[in-house]
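To find a chain, count down the sequence lines: A is the first, B the second, and so on, and within it residues start at 1.
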2 protein chains.
Amino acid sequence: MTLLDVARAAGVSKSTVSDALQGSGRVAESTRDRVREVAEQLGYRPNSAARRLRRSSTGAIGLHLPQTATRLDYYMNLAFGAVQRAQEDGLDVVLLAAPAGAASGPLASRVDGLLVIDPEIGDSAVPGLLDAGVPVVTGERYLGPSPTPTGAVVCDNAASLTALLDHVQGRGARRPALLAPEGASAWAEALRGTAAAWGGSHGSQVAVRTVPFAATPADAEAATRRLLASDPAIDAVVCAPDGAAPGVLRAAAALGRTVGADLLVASCVDGVANRGASPPVTAVDLRPAAYGRACAELLCDILAARTPPDTVRRHAWALETRPSTTG
Amino acid sequence: MTLLDVARAAGVSKSTVSDALQGSGRVAESTRDRVREVAEQLGYRPNSAARRLRRSSTGAIGLHLPQTATRLDYYMNLAFGAVQRAQEDGLDVVLLAAPAGAASGPLASRVDGLLVIDPEIGDSAVPGLLDAGVPVVTGERYLGPSPTPTGAVVCDNAASLTALLDHVQGRGARRPALLAPEGASAWAEALRGTAAAWGGSHGSQVAVRTVPFAATPADAEAATRRLLASDPAIDAVVCAPDGAAPGVLRAAAALGRTVGADLLVASCVDGVANRGASPPVTAVDLRPAAYGRACAELLCDILAARTPPDTVRRHAWALETRPSTTG
DNA sequence: CTGTCGTGCCGGAACGTTCCGGCACCGGCG
DNA sequence: CGCCGGTGCCGGAACGTTCCGGCACGACAG
């Protein structure tokens, strides 16, 4: 079932069929309709390999997630959002594993563009991806040296953490603390900077402790115990990493604190762990599916030359207040 | 940088270059080495579109995950395992979102084969995938009508649940209960059946309650409260869904039970939620990354005609005993 | 009636690879 | 010396698409 078959059936040439179906070229409207109908009826499906060869595009984009992603449902949602958006432009999304360009073929001939989510300095695959010779969109900025400018979709982490701190202050907290992720990601940097700035402008220092980028509840529990032991006046804990807040709740319970009353708890990343906790935990909803969609959309726009390759867009977040801070 | 460029540089014809690099055809070993060297030095990368067109294969496989997967890090691990294995055969993995063959092109021209993980009867995308005209490997069996036989990698869920029940019995439990997932998946069916069988052969009925396929801790907590309220003699709870076991722990704590002592808790799916819980929860480790790898490997073998398309393989699990059952 | 222009369609050449048939060459045998 | 089989390499066709140049034809102005 090729273009030629359709052409024969419709009594026109393959060029006309191509033009008719593509919407390009000069084709009479009547012919176009007829061709479309014949193609539809014959169940014609363009051969993507031939199309890609001719157009010298691959019809696919690559998606790279942090190695730690294997733990976070956040990235799963993001991935599906990206797939949905890419699909609207007829693009496939191929999942990139650790040794990106190594074993398999060259990236450039396999994808038209790349989505690199939360690129960390320590991730050895990232430089190769940024330098693959295809347009790149990063989710959050890459803080390392970048050979070429890339597009990016960024969250205003400063604003969201500020909102969180303002919120707990509004609920009576006087000495908030932050469990910040380690690592040199844009996210980690922004949180630390914002905590310091907020402390400066509000007169009360924010106590900052470091936990792993992909902290487990156990990590958060241990960090919280140490934190509250060293400074019992802490009356609010903002736990940055996804899924770790339940650990804060456990530590609070163990230390006889009442979450929502004498200890407020919040998280910088919303997720099922926060919604399902007891009490449910106030969090910043980064809306991962929409975020993935936004990244894919930007890349599609860049590929279609609808926007310059170094475009930066913002992604909106929302504060979800729950009993862990509202009592 | 095409085959022709390499050919010119090496002073041979494009056919010879192709043969030399592919390892096919009759080429003198010396020529082969020289061509390889020239290609390497020139940084030649085969154009995948041209290759695919000529070979009429796409060089990619599709991966379909349950819609509920967006919650489970289990599937994320599985996906990465599959990607790694596929990469070893030079295949890309494209992520398939909900409306699989609808908006975008026809599946058959985009992928050489399909991985359909935990296919549920209720998933409307599944029949189309099974019927896409390419080899399919399912992770766990599909219980609905299948137009053509598919390959499958299965876990012995009966054996693993039996092992779990035997384990808690060995630790003194006399009245175990199961929080089984709803839905018509092979996994759900196997668990229910096994619970009934185990109860029959051990003289003590296993109490079975249904929770959502992708139950939250809150779901599990509520179910456990109802369970223990209706039957206080229950002394072990096996919680099937991934990530929900912490809810069982919360319910136990609220009802004054001591987990690991007068109430044993275990899960049918291991994950970070079990390892990081307090106390850590005994679980069946399905080794998702290895599982994904096994699925991809089977598909690769089928595509390479190394094994028949309806091959079924087993995947090994391991029981991880932790304080929630060992005290 | 002739020249010009625009519309609608077509033929053919690419895109880069694989693979088949065939040619030249060489050594061995009758 | 002529024939034959095998080895090593090559040319060309094909895969299915897109896109460019061009041709035929009708309309319209001069």
Can you name the residues that form a side-chain contact (heavy atoms from CB on, under 4.5 Å) with [X], not counting sequence neighbours?
{"X": "B/Arg36", "answer": "B/Leu21, B/Glu29, B/Arg32, B/Asp33"}
{"X": "B/Ser57", "answer": "B/Arg55, B/Asp112"}
{"X": "A/Asp285", "answer": "A/Asp270, A/Arg287, A/Pro288, A/Glu320"}
{"X": "B/Ser124", "answer": "none"}

Worksheet item: Would you call B/Arg314 and B/Asp156 a salt bridge, using N to O less than 4.0 angstrom?
Response: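 Yes.
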
Worksheet item: With distance as the sole test, does A/Arg51 use its side chain to make a donor-acceptor pair with the main-chain N or O of A/Pro46 at under 3.5 Å?
Response: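 No, A/Arg51 side chain to A/Pro46 backbone: no donor-acceptor pair under 3.5 Å.
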
Practice prompt. Any side-chain hydrogen bond (donor to acceptor under 3.5 Å, both in side chains) involving residues 137-147 of chain B? Give me the pairs, sequence neighbours left out, ordered by first then second residue.
Written response: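 For residues 137-147 of chain B: B/Glu140-B/Asn157.
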
Worksheet item: With sequence neighbours left out, which residue pairs that include part of residues 292-303 of chain A fulfil the side-chain hydrogen bond (donor to acceptor under 3.5 Å, both in side chains) condition?
Response: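 Counting only pairs at least two positions apart or across chains, the side-chain hydrogen bond (donor to acceptor under 3.5 Å, both in side chains) contacts touching residues 292-303 of chain A are A/Arg85-A/Glu297, A/Glu88-A/Arg293, A/Asp301-A/Arg306, A/Asp301-A/Arg313.
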
Got a list of protein N/O to nucleotides 19-28 of chain C N/O distances below 3.5 Å?
from   : atom 1 : to      : atom 2 : distance (Å)
C/dC19 : N4     : B/Ser15 : OG     : 3.4

Worksheet item: Tell me: CG of B/Asn47 to C1' of D/dC15, nearest whole Å?
Response: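 Spelled out: CG on B/Asn47 to C1' on D/dC15 is 13 Å.
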
Discussion item. Whole angstroms only, please: what is the CZ-P distance between B/Arg32 and D/dG8?
Written reply: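 Nearest whole value for this atom pair: 10 Å.
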
Practice prompt. Using heavy atoms and a sub-4.0 Å distance, could you list which residues of residues 33-43 of chain A are near DNA chain C? By number, please.
Written response: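 Hits under 4.0 Å, by residue number: none.
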
Practice prompt. State whether B/Thr31 places a side-chain N or O below 4.0 Å from either non-bridging phosphate oxygen (OP1 or OP2) of D/dC9.
Written response: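 Looking at the OP1 and OP2 atoms of D/dC9, one of them is under 4.0 Å from a side-chain N or O of B/Thr31.
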
Worksheet item: What pairs meet the ring-ring contact (aromatic ring centres under 6.0 Å, His included) rule with one or both residues in residues 10-53 of chain B, with sequence neighbours excluded?
Response: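 ring-ring contact (aromatic ring centres under 6.0 Å, His included) check on residues 10-53 of chain B returns no pairs.
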
Worksheet entry | Within-4.5 Å side-chain heavy-atom neighbours: B/Ile121 and B/Ser185 |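 When only atoms from C-beta onward are counted, B/Ser185 and B/Ile121 do not touch, as no gap falls below 4.5 Å.
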
Discussion item. Taking CD in B/Gln41 as the centre, count heavy atoms belonging to other residues, nucleotides or ligands within less than 6.0 Å. Is the count above 12?
Written reply: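 Not buried by this count: 12 neighbours or fewer within 6.0 Å.
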
Discussion item. Under a 3.5 Å threshold, yes or no: a donor from one side chain and an acceptor from the other, between A/Ser15 and A/Ser18?
Written reply: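 Side chains of A/Ser15 and A/Ser18: no pair found under 3.5 Å.
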
Practice prompt. Mind grabbing the angle between the end helix axes of the helix from C/dC1-D/dG30 to C/dG30-D/dC1? Five pairs an end, 10° rounding.
Written response: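 Roughly 70° between the end axes, to the nearest 10°.
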
Discussion item. Just to be sure I understand the geometry, which residues of residues 2-13 of chain A put a non-hydrogen atom under 4.0 Å away from DNA chain D?
Written reply: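 Heavy-atom cutoff 4.0 Å gives A/Thr2, A/Leu3.
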
Worksheet item: Nearest to the side chain of B/Arg51 - C/dT17, C/dG16, C/dG8?
Response: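 Of the candidates, C/dT17 comes closest.
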
Fill in: Qualifying residues under ring-ring contact (aromatic ring centres under 6.0 Å, His included), relative to A/Tyr291, sequence neighbours excluded
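Residues passing ring-ring contact (aromatic ring centres under 6.0 Å, His included) with A/Tyr291: A/His315.
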
